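The structure under discussion appears below in the form of structure tokens.
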Amino acid sequence: MTRRRRRWPLLGSRRPSLPLNLVLLALLLLLSLVSLCFGDAPLSLAEVIGGLLGTGAEEAQLIVRQIRLPRVVLAWLVGGSLGASGAALQGLLRNPLAEPGLLGISSSASLGAVLMLYFGVTALSPWMLPAAAMLFALLATLTLHGLTRAGSTNLTLILAGVALSSLAGALTSLALNLAPNPTDAQDIVLWLLGSISDRSFAEVRLCLPFVLAGLLLLLLCAPALDVLALGEAEASSLGVDLSRLRGLVILGSALSVGATVAVTGTIGFVGLVVPHLLRRFVAYRPGRLLLPSALGGAVLVLGADIALRLIDTPRELMLGVVTALIGAPFFLALVLRSRRDML
Amino acid sequence: MGLLAILCLLALPTQAAEPLPSVVSTDLCADLILLQVADPGQVLSLSRQSQDPRVSPVAEAARAYPANRGSVEDLLSLKPDIALVYLGWTARRHADLLASQGTRVIALPYPRNWSDALETTRRIAVQIGRGEVGKIKTAEAERRMRALAGRTRPDRLLYLRPSGGTAGKGTYVDDLITRLGLRNLAAEQGQTGWGRFPLERLVRSPPDLFLLGYFDQARSPAGSAYGRHPLLRAILDATPAISVPTGTWGCGGLELVDAAEQIVTQLDRLGRARPGQD
């Protein structure tokens, strides 16, 4: 890393993002504790902490460790994946509207998962589920990149994303119509809306290795993404291997987003909102934005997951619904602001 | 003249004074009622679902009739006197159009308890001109259900689906559970209507006995993160369970008595019966 920084003297110091990361991390830990305190069983804070540390009653231990904790860990993984992928894709495509959900990467991943689930392939091995989701996410990202590589504007990128999401959505419906058991279509529709409730550590284990690998690949891109902000030609002349960078970002987002979608369904707009809110705190450096976006994404998903448990509805709200309720108006505002650039 | 002769011939076996109205059913639950009370000669078509052995308990019998997909065009071309549809049938806005073609659309109410099931069957039977058969069939079902009732079982039972769904007060499942002399845990916890039984509540107040719906079919693995949860699996392993006979469960009609009989047989096998405590 130090060798590279010497080669790119423009980069300057990265000190300012450190307090930001610490603040986000503290917020994340605080929200995690809050999240552990909310549930159907009325547990006091002492009971929750006792359950978490393994000193409390067995019942509290079971509830906190096996029901509430996997939910928190999944919120970290999903939010981190979506936030970091959003920031990395925005840096790579140099486009503030790039986001796994909007671009159809998430819906392609869920198509892969639905194909595995409904045609019984998961009976062979549970790992088929994240594998298929990641493969489809990878195909979508590659397609998208191929479509928008030459001089992409906001418009072409979003249109390509709309086309990809519609295609994935249509193929998902087709798969459901052709599936051997079409009767529980409602369950799959709900699943597609995204949720992290009632998940266990079995599901966490299913996506954890891929999310970590994906996040690592994305974070490796940070220095090169900072340089790429200057322009492709400038970045190449400064020694950035563009095809390697593209490969890393595409593979990293496909791994992390695909693996989490396989477990949680599609949760939208996190990758759009979080990098946008945090950009000003990192002096608009796409590379430095990666880690704060991962932490911020986790904070947002965790916050949304707490909010939906506070709202008393007969059937618990779906997480994807809550993030869309936050994210869609945000997206519209973003479109309005950049309307002149788009047209 | 020829038509009249055919109509008379059709009417003969039922010994009715006038020909029975022709009927089409577009919904599995209505198919079940028709197969109970209708004269085979008056049924023009049953829903396509009724022939699918995965969801229909009467697939064999239903294959004797042409199947329909429940569209308005199906009904317009079949021209029945009566069309039975379910409450949420999307083409009900075409009821006027169908009425102009001589087809009366009857929507089946969703049953909340066993009395609703009897009442609906009786009413449909009258509407298709088979009131007498309806009375006989419902009386028979009522007698069988009453024979199952007279025992008290102290167990707290929880009806559970792989998605975590359960049935509280005001559902035919709750009605059936109490009829069989059991206590419905979901209703005792204050649940009304169809809802979810949260995993955390299950840990705090586990039932003595599970009534499992659709667990055998491993349907919609995506929707059943709840059903796969290791904690639920551990509780299931430690608790006796009986499973719901799938095909006779979803409609809450007369066929519920078949399900009830199978449940009681399973209860007896578990040694859960306490005769003489009524």
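Below, read A as the first sequence line, B as the second, and so on, with proteins coming before strands; counting in each chain starts at 1. Please read these numbers as outputs of a predicted model, since none were measured by experiment.
- Annotation: Arg156(B), atom CZ; neighbour count of heavy atoms from other residues, nucleotides and ligands within 6.0 Å is above 12.
- Using a cutoff of 4.0 Å between basic side-chain nitrogens and carboxylate oxygens, Asp198(A) and Arg196(B) are scored as salt-bridged.
- More than 12 non-hydrogen atoms from other residues, nucleotides or ligands lie less than 6.0 angstrom from CH2 of Trp249(B).
- Remark: side-chain polar atoms of His229(B) are paired, donor with acceptor, to backbone N or O of Gln66(A) under 3.5 angstrom.
- By the 4.5 Å heavy-atom criterion applied to side chains, Arg228(B) and Pro126(A) are not counted as neighbours.
- A donor-acceptor pair under 3.5 Å is absent between the side-chain atoms of Glu200(B) and the main chain of Ile63(A), judged by distance alone.
- Within a 6.0 Å sphere centred on CD of Glu188(B), other residues, nucleotides and ligands contribute more than 12 heavy atoms.
- Looking at Leu43(A), the atoms closer than 4.5 Å to chain B (heavy atoms on both sides) all sit in the side chain, from C-beta outward.
- To the nearest 0.5 angstrom, Leu231(B) atom CG is 5.0 Å from Ile67(A) atom CD1.
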